[in-house]
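Working notes, structure below.
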Amino acid sequence: MVSPNNHYTTKSEGVTINFITPEGDKKTIIANKGESIMDISHTHDDIELECACEGSLACSTCHVIVDPEYYKKLEEPTDEENDMLDLAFGLTETSRLGCQIVMEKDLDGITVTLPSATRNVQLKGSKLS
Amino acid sequence: YHMLKEHPSSLVDMYEALPMPFGLVRYGVAPDHPEVKNVQNRFDEVARDARFTFIGNVKFSKELKIADLKSHYDAIVLSYGASQDKRLNIKNEDDSIRNVFSARTFVGWYNGLPQHRDLQPDLTCSDSAIIIGHGNVALDVARILLTDIDELSKTDITEYALGYLRKSRIRNVTLIGRRGPLQVSFTAKELREMMHLPNTRFHTDTELVKTELSANAELISQNRPLKRLMQILESGTSKTVGEKSWSLKFLRSPVEFITRDSSDPSQPKFIKAVKFHINKLEGPPDNRIAVSTSVIEEIETSLVFKSVGYKSTPVEGLPFDEKKGLVPNVKGKVLDKNGNEFPGLYVSGWLKRGPQGVIATTMYDAFETAEIIMSDIQQNKPMLSDTIDNCPKMGAEAVIPILHERGIRTVSYDDWKKIEEKEFEVGRRKHKPREKYSRVEEVLGILDK
């Protein structure tokens, strides 16, 4: 079975991930195991997720909101990831950085929401060095 | 980036004062935070787009004004940030006192900013330094002063700064802020790094920290970033071993710089101590203000850094809000003094919102400005007028010849890539990611060889 991006992915290797865009549209992608959400956004033009620091836990631009069911299945974020999540706009109880979520069998069917980026809220007093 | 992606027929020109692009990503981010600089790769992608033109070595407002640009562009986005220091508003603040520096100047110095190349800080006259301010920039300065030199020598810190730091006698750094532990501006990652500095003790007013934490327990529990930050602060009180030290002092506002008596009146005096008055906190828990008491404290020091924030500079032809220190705007669309939209003028970044926020914040802010521009185009809102016979605007094609006529040696992105290649080359020989050129004349000299 050839997925829309010409990755040869058999049903047994592929894992399904659903993205909800800030506009509310749902996009379903069949990803490969071992791909992070950041990787997936790089190979799929219709998934717009910024990854300014390229997955090095130095920013929060790949912030996604995970559906509660699957959030439980993820490994606890490290201090470093939590430090960056602290700075993310619209942080929720099930927020994670997309570069840290790696697709595996047990995440088959996961849904992540891309948060809306426009805001009027000021980030009070912090300046990343 | 956003404009080119969402409005493919647009052409974007970027005018930059230095021959080198990237601004604070190159000159503000600490040398030991290379991951933060990865965003340069995104900038590089944008710069290589055929619709984008980089024009470096042009000092906006001096060599190029808004009036010059109006007839050649449909829209102008001002994104020149905040290059002035906020004032301490103390007696002898403007006196030229040796070894009193703005933190931003020191950071610029070790990062190779040409303007501050010759700072010549004296890091040998004592073992202690004071930093006035409790933000991430203050922590950066402290960390660079206390980091093992062998670690620093592997970064892109400039070679000349490394030379000074190798000879540095500074072993103790005290960060002094006007309010309390809950009002600090620095964030978790940076505080954690300080607590992990090898061979470095941490000192603070532990009684005050305890009192503030318990008195504000509810507020803290409802604020995730604050809660985590306070946990790191508390954990630091156990760091009692080490030859070096860093300290956090609270509730002190500077009043005066005390200088050494000097036998030579023609030379600027050297710093000897800083006089502070002690504050108490008043007001609601989520908006505590510092109110001075009559108690004075003098702290001896021979090296002072001021790190209390920045403000933007007004330029001709651009409305400016002196009080807030930014350009009046709505989502990036500039407003004139009557609150009306100024056709074709936009702002983005610190000039738009004030000098706060991380790369992510500034990025989303930039997207917002781009969205407004595109929405204005779609709604056919008036842009910059002054068209010559209704011809389409020519942008850099028209402006670069004007700049050349004025004797300005503009630098293209290809020029920059040549310079960067040399920076990588020299860096490789020294086992550093790059060795930055820190003099504009040197860079231009290489290009004109």
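Quantities reported herein were computed from a predicted structural model and do not represent experimental measurements. A, B, ... follow the sequence lines: proteins, then strands. Residue 1 opens every chain.
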Max heavy-atom pairs within cutoff under 4.5 Å with chain A, candidates B:Lys37, B:Arg228, B:Lys5, B:Gln183, goes to B:Arg228
In terms of heavy-atom proximity below 4.5 Å to chain B, should A:Glu93 be classed as side chain, backbone, both, or neither? neither
What part of A:Leu91 lies closer than 4.5 angstrom to a heavy atom of chain B: side chain, backbone, both or neither? side chain
Can you name the closest pair of heavy atoms from B:Asn38 and A:Cys53 and give their distance? ND2-O, 2.8 Å
Just checking B:Glu6: does its CD atom have more than 12 heavy atoms from other residues, nucleotides or ligands closer to it than 6.0 angstrom? yes
Contacting region of B:Tyr1 [heavy-atom separation from chain A under 4.5 Å]: side chain
How about NZ on B:Lys324, more than 12 heavy atoms from neighbouring residues, nucleotides or ligands closer than 6.0 Å, or not? no
Could you tell me the separation between the CG atom of A:Asn82 and the CZ atom of B:Arg224, rounded to the nearest 0.5 Å? 4.5 Å
Rounded to the nearest 0.5 Å, the CG atom of A:Leu87 sits from the OG1 atom of B:Thr187 at a distance of 5.5 Å
Of all heavy-atom pairs between B:Arg42 and A:Cys51, which one has the smallest distance, and what is that distance? NH1-O, 4.0 Å
Kindly compute the distance separating CD (B:Glu190) from CG (A:Asp83), expressed to the nearest 0.5 Å. 8.0 Å
Going by ring-ring contact (aromatic ring centres under 6.0 Å, His included), name the residues that satisfy it together with B:His2, two or more places apart in sequence or in a different chain. B:Phe367
Residues 60-68 of chain A: residues contacting chain B (heavy atom under 4.5 Å, by number): A:Ser60, A:Thr61
What option among B:Arg192, B:Gln40, B:Met363 has the most heavy-atom pairs under 4.5 Å with chain A? B:Arg192
Within this structure, what is the CD1-CG distance for the pair B:Ile232 and A:Asp79, rounded to the nearest 0.5 Å? 7.0 Å
